[in-house]
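Residue indices begin at 1 and follow the sequence shown.
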Amino acid sequence: MTPATVVVEQARRADLPELATVAAATFPLACPPSSTPDNIAAFIAEHLSEQRFGEYLGDPERILLVARDDAAHARSGNTRAIVGYAMLIRGVPDDEDVQRAVTVRPAVELSK
């Protein structure tokens, strides 16, 4: 068995359809059991759509990263599949608890 080799790089516009698909598939896995299917679907539609990721990509306060399975690419020669993603957001969220907890500035939030 070949060990997993993951390559992390900045997302590109061409990644947006696959990125939205991965986000929609993985987001429900992180939700508490009390989350309703309607609430999950509404969050995905509002925050994890291809259009929304395009907005994130164009926001100078955000860095959108994708993780690709490089080992599968090497074996098959096909396009490297996106296996994960993260977003870095400059600044500290407006939440009061977070503001108190994060005392070092400048700061970057790791999201998603």
Decide yes or no on side chain to side chain contact (heavy atoms under 4.5 Å, CB included) for Glu109 and Val92, but give the supporting numbers first.
CA-CA 6 Å; Glu109 174 187 2; Val92 179; over 6 Å; no

Test your reading of the model: is there a side-chain donor-acceptor pair from Glu18 to the backbone of Ile82, 3.5 Å cut-off?
yes

Does Gln99 reach the main-chain N or O of Pro93 with its side chain, forming a donor-acceptor pair under 3.5 Å?
yes

Would you sort out whether Asp95 and Arg100 count as a salt bridge (charged side-chain N to carboxylate O under 4.0 Å, His left out), showing the intermediate values?
CA-CA 9 Å; Asp95 181 274; Arg100 281 192 301 275; over 6 Å; no

Are [X] and [Y] grouped together when hydrophobic residues (ILVMFWY) are joined by side-chain heavy atoms under 4.5 angstrom apart?
X      : Y     : result
Leu65  : Val83 : no
Val108 : Val8  : yes
Val6   : Leu88 : yes

Asp94 CG: over 12 foreign heavy atoms closer than 6.0 Å
no

Does CD in Gln51 sit with more than 12 non-hydrogen atoms of other residues, nucleotides or ligands closer than 6.0 Å?
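Counting neighbours around CD of Gln51, 12 or fewer heavy atoms of other residues, nucleotides or ligands fall under 6.0 Å, so no.
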
To the nearest 0.5 angstrom, please state how far the CD atom of Gln10 sits from the CG atom of Leu64.
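If we round to the nearest 0.5 Å, Gln10:CD and Leu64:CG are 8.5 Å apart.
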
Distance col, row Leu57:CG vs Leu19:CG, nearest 0.5 angstrom, shows 9.0 Å

For [X] and [Y], which heavy atoms make the closest approach, and how far apart are they?
X      : Y      : result
Leu16  : Gly54  : CD1-CA, 3.6 Å
Ser111 : Ile89  : CB-CD1, 3.9 Å
His47  : Tyr56  : O-OH, 3.0 Å
Ala86  : Leu110 : CB-CD1, 3.9 Å

Selection residues 85-112 - residue pairs positive for ring-ring contact (aromatic ring centres under 6.0 Å, His included), sequence neighbours left out:
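Residue pairs with at least one partner in residues 85-112: Phe53-Tyr85.
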
Pairing of Arg90 and Asp59 as salt bridge, 4.0 angstrom limit:
no

Return each pair, listed once, that meets salt bridge (charged side-chain N to carboxylate O under 4.0 Å, His left out) where at least one residue sits in residues 33-57; pairs must be two or more places apart or across chains.
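As it turns out, the salt bridge (charged side-chain N to carboxylate O under 4.0 Å, His left out) pairs with a partner in residues 33-57, which skip direct neighbours, are Arg52-Glu55.
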
Please tabulate, for side-chain N and O atoms in residues 25-37, each donor-acceptor pair with protein atoms closer than 3.5 Å (sequence neighbours left out).
residue: Thr26; atom: OG1; partner: Val22; partner atom: O; Å: 2.9
residue: Ser35; atom: OG; partner: Pro32; partner atom: O; Å: 3.1
residue: Thr36; atom: OG1; partner: Asn39; partner atom: N; Å: 3.0
residue: Thr36; atom: OG1; partner: Asn39; partner atom: ND2; Å: 3.2

